[in-house]
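Working notes, beginning with the structure itself.
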Amino acid sequence: MKTFHKGFTALVLLTAVAVGATMVSGTAWADRGGNGGGRCAGEGRDGGWKGYGQEGDRLTKALDLSKEQSEQVKAIFLKHRDATAPLRKEMVSERRELRKLIQSDKLDEAGIREQVKKIAATDGDLAVRRARMSQEVRTVLTPEQIRKFRALQEKRDQRIDGRMNRGQEGPSKGE
């Protein structure tokens with residue numbers, strides 16, 4: 001079995017964070033029912049990568065990307081964003097259908113399970129596309145930048161873990 005470059009995992013996570021943030025914002029955008037004049041979130045605003053807003057700027061700064069690297073990564077993200085747009089749209093639609101099934105007056109367990117399978121399949125397709133993107137991004141970053149990203153990801157994971165564990169250490173207030 002081949003061994004992956006140490007930074008590969010970090011880049012996959014970077015890509016997952018970026019695409020995940022895009023998917024979440026896309027879902028929120030679709031749920032609002034607005035289209036912002038036909039634009040994606042972040043498009044036409046000052047700063048940030050089109051569709052990635054300040055997150056792209058923060059990563060550029062945190063990883064100390066050169067202008068050339070930033071432009072290369074931006075181009076990779078935009079290329080893949082456009083390629084995944086139909087899948088993201090499908091994911092929003094499938095999740096909306098799942099919500100309808102869950103909130104229905106009559107329980108349709110088989111229907112819910114079938115809808116979850118559709119969502120999982122689309123999520124799998126998106127994961128493969130994120131992996132392709134991460135391989136392209138990896139060619140742009142230096143080993144030091146990969147190390148920096150890994151440290152950022154660890155901090156982020158600790159913050160998320162902290163939020164998930166809040167209130168679980170002791171008895172609840174009602175006890």
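In this structure, V116 and R113 have side chains that are not in contact, with every pair of non-hydrogen atoms separated by 4.5 Å or more. By the 4.5 Å heavy-atom criterion applied to side chains, L126 and R130 are counted as neighbours. Contact annotation: the side chain of R58 never approaches that of K61 to less than 4.5 Å [non-hydrogen atoms, C-beta and beyond].
How far CD of Q72 is from CD of E68: 4.5 Å, rounded to the nearest 0.5 Å. For the atom pair CG of D64 and CD of E144, the computed distance is 9.0 Å after rounding to the nearest 0.5 Å. From E94, atom CD reaches atom NZ of K117 across 14.0 Å, with rounding to the nearest 0.5 Å. Atom CD1 of residue I119 and atom OG of residue S93 lie 9.5 Å apart, to the nearest 0.5 angstrom. Atoms CZ and CG, from R147 and L63 in turn, are 10.5 Å apart once rounded to the nearest 0.5 Å. Considering CE of M164 and CG of D157, their distance stands at 11.5 Å, rounded to 0.5 Å.
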V73/T60 under side chain to side chain contact (heavy atoms under 4.5 Å, CB included): CA gap, chis, key distance, verdict: CA-CA 9 Å; V73 171; T60 295; over 6 Å; no
Verdict with reasoning, V92 to K89, per side chain to side chain contact (heavy atoms under 4.5 Å, CB included): CA-CA 5 Å; V92 169; K89 186 176 182 178; 5.8 Å; no
CA sep, side-chain torsions, deciding dist, call: E136, R132, salt bridge (Lys or Arg N to Asp or Glu O under 4.0 Å): CA-CA 7 Å; E136 287 183 50; R132 287 180 185 151; over 6 Å; no
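Follow the hydrophobic side-chain contacts under 4.5 Å out from V137 and you never reach V128; the two are in separate clusters.
Listed here is the closest heavy atom pair of V140 and Q145: O-OE1, 4.3 Å. The two residues K148 and A62 make their nearest non-hydrogen contact at CD-O, 3.7 Å. Residues A131 and S134 share a closest heavy-atom pair of O-OG, 2.8 Å. The two residues L101 and Q115 have their closest heavy-atom pair at CD1-CB, 3.8 Å. For the residue pair I112 and L107, the shortest heavy atom distance occurs at CD1-CD1, 4.0 Å. Pairing each heavy atom of Q69 with each of L141, the nearest pair is NE2-CA, 4.0 Å.
Distance alone, capped at 3.5 Å, is enough to place a donor-acceptor pair between the N165 side chain and the D161 backbone.
The residues K118 and E97 are annotated as not salt-bridged, no charged nitrogen and carboxylate oxygen being separated by less than 4.0 angstrom.
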